[in-house]
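Remember, predicted model here, so these are calculated numbers, not experimental data. Values below: every heavy atom of this structure, side chains too, minus hydrogens, waters and symmetry copies. Here is the naming used below: chain letters follow the sequence lines, and residue numbers restart at 1 for every chain.
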Amino acid sequence: MELKFPDGAVKEFEDGATVKDVAASISMSLAKKAVCGKLDGKFVDLNQKLSDGSIEIVTKDSDDGRIALWHTAAVVLSAALHDLYPNVKFGEGGVTEHGFYFDTDKEDGQVGEADFEKLTKKMEEIVKAKEKIEFVEYDLDEALKLVENDEYQTEIVKENAADGKVYGHKLLNHVDFTSPVSLEDAGKVKVFKVLSVAGAYWKGASSNPMLQRIYGTAFSKQKELDEELKRQQEAHERDHRVIGNNLDLFFVDPKVGAGLPYWMPNGATIRRTIERYIIDKEVSWGYEHVYTPILANVDLYKQSGHWDHYREDMFPPMDMGDGELLELRPMNCPSHIQIYNRHIRSYRDLPLRIAELGMMHRYEKSGALTGLSRVREMTLNDGHTFVTPDQIEAEFKRTLQLMVEVYHDFNINDYRFRLSYRDPKNTHKYYDDDEMWEKSQRMLKAAMDDLGLEYFEAEGEAAFYGPKLDVQTKTALGGEETLSTIQLDFLLPERFDLKYIGADGEEHRPVMIHRGIVSTMERFTAYLTEMYKGAFPTWLAPKQVEVIPVNLDLHTDYARKLASALAARQIRVSVDDRNEKMGYKIRQAQVNKVPYTLVVGDNEKDQGTVTVRRYGQEKTETMAFDDFKKILNHDLETYSRNED
RNA sequence: GCCACUUUAGCUCAGCAGGUAGAGCAUCACCAUGGUAAGGUGGGGGUCACCGGUUCAAGUCCGGUAAGUGGCUCCA
């Protein structure tokens, strides 16, 4: 991706580059000029008068100058902190998708939410006074003197220096060397809000000290701030943990353990439906489904390499007292390898596709656990295809095709492909075979190019045994997660000495393709819950039809008759025969997001009809019961596709 | 694991100056109830997460533990 700068310079950025990366690169090399260009699908637009007097560049569909505004807000925040706590130190500041942040280190106790009021007040003072923000060029020595008691800023100043000069933004008596750009005065930060505080490692490395990251957001109009706060509220309401609670899908009980979810009947119904769907789908695509134990002797994982490369994510082995050590499996691959090795395999058997809804356990760090999307016990829609080397490309493409078809059935459209390579600077974390890595990474890329699919590349995201194609999706709260994955693996076949007999009668080494299409049942259910906002399509909905009699004495029998007829066809249906008013029951059905509510009274009973209300719609329609059954059938046959 | 914050009824929360607990929803009972988003009255329900400390007295203050939330680091 190319970004054009106002002085005519053109700079190349990797597709995965963040706004921060771009900002960082213009910070010193181009000294405060504007950038424009498309980044992450969003326009970066600094079309405002900047503190050095330059004005630049308009693009349409711009972001209204928010990037520059947020950098300015970060400068104001740092100046306010400096004023309130003269000895405070500063890490890096920057912008996010929805606002700005600044890292700080206040030696006498950390900055907490208790400081927000004071901090907001001080920022307001600075904003109201429309204090000038000057873009100042310093000699390096001079700048280092300014930050001499702040080891973080000292490092930043040294990094940013070029030709013995360094640039900073001066606001009141504070100079910020971190923010790449700023508007000309603090008054531009008309409406802002300090939102939260969180820990963040200096330079993003967990071996470094942790600083306090203060998040905020800012806009030029109150209305925009209100919209942003509303957006946050809506995001919260579609969070699968909130919906999961409201619809009674699952829970986690501290008495049982963190990251060990219980599936309530409603959640279990959704999960069971996904499981049946994917098993049937995979069987029709030539996968052979198996069952394998979730426990295995620790030697299995020593042979696979998990013990050496993955141990910190594994539960410690159980010592059975007689020298036997049993391990809860963290992955299913070694299990499927046992299946492969059960027989001598011929090239005629390949591709051999082994699949399982495999339960596995990973000791995720406590801080990483999140509802259903990050857990310690999970069931993966796992599959391993064993292929000859010249079948890799075709099988990879075929797997991708399966994935696209499944996504279509679930109506999943918002995702992007990531090619995940090993980190070339940290090769010790991976299986040590440079040639294998080069070869397989090239192979993946070539296949994607050949299919003409868009993707981005990321180093350091590979599995320890090989590179991956990951499908990245967004959670309700904006975090990015891997849903599906396809992984090439030359390592495990080696370690387990896998073989097949070729047409030449000789032994050859197969290649493994690991893949998960609908992810783990946990994460996939969480994802669907957020995507559908709890209003699951008919085929997935825990309850598909609610029947409400107008009068309990006169119409309950008819309601029950309808319900039995539907239940006989595996429709999940119930009759609401509680002693409540009809309006109350209809409300309940809507709150519980039941796809169809049938109201039946005299008219319906006499004519064999039902009055149908779809979830989320106010209009109702009276139709023959048989016609309603046809609608249901259509829903169930087409899943959630938008074909009607 | 790290930093900040949080933990009160089944759920969502109030209790903001230490004096042994409240609301709405849900639940139960009774009354009412015929057409598309909450009918009324009453009842039951809480060792205020757990352990320890300060105090005449702790839901409230202090320390520890656990879990959760927001991030960071790591990942399906």
Side-chain angles (χ1 to χ4, degrees), chain A residues 96 101 103 105 109-115 195-215 236 239 241-242 245-246 248 251-259 310 312-313 330-331 358 360 362-375 378-382 420 429 460-461 463 468 470-471 473 477 479-485 487 514 516 518-524 526-527 548-555 579-591 597-604 611-613 617-620 622:
Chain A
T96 65
Y101 66 86
D103 289 352
D105 181 7
Q110 300 292 9
V111 178
E113 282 168 25
D115 300 281
L195 291 172
S196 61
V197 56
Y201 296 108
W202 166 238
K203 295 260 163 186
S206 57
S207 50
N208 283 339
M210 180 162 271
L211 310 179
Q212 296 306 110
R213 177 166 295 178
I214 300 169
Y215 285 94
H236 171 72
D239 188 315
R241 289 163 297 186
V242 174
N245 194 29
N246 292 341
D248 208 19
F251 69 93
V252 187
D253 185 349
K255 274 201 292 287
V256 175
Y310 204 71
E312 61 176 31
D313 289 293
M331 289 181 178
M360 49 201 208
R362 297 181 183 175
Y363 193 77
E364 298 292 343
K365 295 200 170 88
S366 59
L369 301 171
T370 309
L372 277 185
S373 52
R374 196 79 185 272
V375 292
M378 68 215 87
T379 298
L380 180 64
N381 163 230
D382 210 353
S420 302
K429 281 168 65 182
E461 299 288 349
K468 312 189 281 180
D470 291 321
V471 182
T473 53
L477 298 183
E480 195 170 61
E481 262 176 2
T482 303
L483 206 58
S484 308
T485 179
Q487 312 175 355
H514 308 238
V518 292
S519 185
T520 61
M521 296 306 108
E522 288 75 15
R523 180 171 289 182
F524 198 64
Y527 179 77
I548 300 176
V550 171
N551 178 289
L552 282 185
D553 291 333
L554 301 176
H555 310 128
N579 246 342
E580 296 287 349
K581 297 198 107 168
M582 204 185 73
Y584 175 83
K585 296 179 185 178
I586 285 165
R587 178 169 197 277
Q588 291 291 302
Q590 292 296 308
V591 167
T597 305
L598 306 184
V599 173
V600 293
D602 282 345
N603 297 340
E604 290 79 5
T611 297
V612 182
R613 175 168 170 165
Q617 295 186 0
E618 292 196 14
K619 73 173 165 69
T620 61
T622 302

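- Counting distance only, with no hydrogens placed and no angle test, the side-chain atoms of Asp602(A) and the base atoms of G34(B) include a donor-acceptor pair under 3.5 Å.
- Using a 4.0 Å heavy-atom criterion, one finds that Lys468(A) contacts the sugar-phosphate atoms exclusively.
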ask   = What string of B, S and - do you get for nucleotides 36-50 of chain B, 5' to 3', when a contact is any protein heavy atom under 4.0 Å?
value = BBBS-----------
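- For the OP1/OP2 pair of C11(B) and a distance below 4.0 Å, the side-chain nitrogens and oxygens of Arg241(A) include no atom meeting the criterion.
- Few gaps surround CD on Gln617(A); more than 12 heavy atoms of other groups in view lie less than 6.0 Å from it.
- Of the possible donor and acceptor atoms, none in the side chain of Gln590(A) sits under 3.5 Å from a partner among the backbone N and O of Arg587(A).
- Taking every heavy atom of both residues into account, Val518(A) and Phe524(A) meet most closely at O-CB, 3.1 Å.
- The two atoms that bring Val111(A) and Val197(A) nearest to each other are O-CG2, 3.7 Å, heavy atoms only.
- Looking at residues two or more places apart in sequence or on another chain, you find a side chain to side chain donor-acceptor pair (under 3.5 Å) between Thr482(A) and Gln472(A).
- The distance between atom CG of Asp248(A) and atom P of U27(B), rounded to the nearest whole Å, is 13 Å.
- Taking the C1' atoms as reference points, A57(B) lies 9 Å from U20(B), given to the whole Å.
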ask   = Taking only Watson-Crick and G-U wobble pairs with both distances under 3.5 Å, what dot-bracket line describes RNA chain B, where [ ] shows pairs that cross earlier ones and | shows pairs with another strand?
value = (((((((..((((.....[..)))).(((((.......))))).....(((((..]....))))))))))))....
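- Within the nucleic acid shown, Gly257(A) has no heavy atom closer than 4.0 Å to any nucleic acid atom.
- As rounded to whole Å, 7 Å separates atom C1' of A76(B) from atom CE of Met378(A).
- Between the side chain of Asn245(A) and the backbone N or O of Val242(A), no donor-acceptor pair lies under 3.5 Å.
- The two residues Ser373(A) and Glu481(A) come nearest to each other via the heavy atoms CB-OE2, 3.2 Å.
- Between the side chain of Arg213(A) and the base of C72(B), no donor-acceptor pair under 3.5 Å is found.
- Residue side chain Ser519(A) does not reach the base of A76(B) through any donor-acceptor N/O pair under 3.5 Å, judged by distance alone.
- Applying the side chain to side chain donor-acceptor pair (under 3.5 Å) criterion to Glu522(A), with sequence neighbours excluded, gives no partner residue.
- The nearest pair of heavy atoms linking Val375(A) to Gly259(A) is CB-O, 3.4 Å.
- Residue Leu369(A) is in sugar-phosphate contact alone, with no base atom involved, counting any heavy-atom pair closer than 4.0 Å across all strands shown.
- A gap of 15 Å separates the P atoms of C13(B) and A49(B), to the nearest Å.
- Contact annotation for Leu195(A): no contact, since no heavy-atom pair falls under 4.0 Å across all strands.
- Across all strands shown, Val375(A) has heavy atoms under 4.0 Å from base atoms, whether or not it also approaches the sugar-phosphate.
- Distance Arg374(A) CZ to C72(B) P: 12 Å, rounded to the nearest Å.
- When each of Asn603(A) and Asp313(A) is assigned the nucleotide of RNA chain B with its nearest heavy atom, Asn603(A) is the one assigned upstream, toward the 5' end.
- Not a single donor-acceptor contact under 3.5 angstrom links the side-chain atoms of Gln487(A) to the base of A76(B).
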task = Please step through side-chain contact (heavy atoms from CB on, under 4.5 Å) for the pair Met521(A) and Met378(A), ending with a clear verdict.
result = CA-CA 7 Å; Met521(A) 296 306 108; Met378(A) 68 215 87; over 6 Å; no
task = Encode nucleotides 1-9 of chain B as B, S and - characters from 5' to 3', where the letter depends on protein heavy atoms closer than 4.0 Å: B to the base, S only to sugar-phosphate, - to neither.
result = BBBSS----
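- Counting any heavy atom pair closer than 4.0 Å across all strands shown, Tyr215(A) reaches sugar-phosphate atoms only and no base atom.
- Counting any heavy atom pair closer than 4.0 Å across all strands shown, Asp470(A) reaches no nucleic acid atom.
- Every side chain to side chain donor-acceptor pair (under 3.5 Å) that Asp602(A) has, sequence neighbours left out, goes to His555(A).
- Looking at Arg613(A), its side chain never comes within 3.5 Å of a backbone N or O of Thr597(A) through a donor-acceptor pair.
- Scanning atom types as modelled, no donor and acceptor separated by under 3.5 angstrom connect the side chain of Arg362(A) and the base of C74(B).
- Counting any heavy atom pair closer than 4.0 Å across all strands shown, Glu312(A) reaches no nucleic acid atom.
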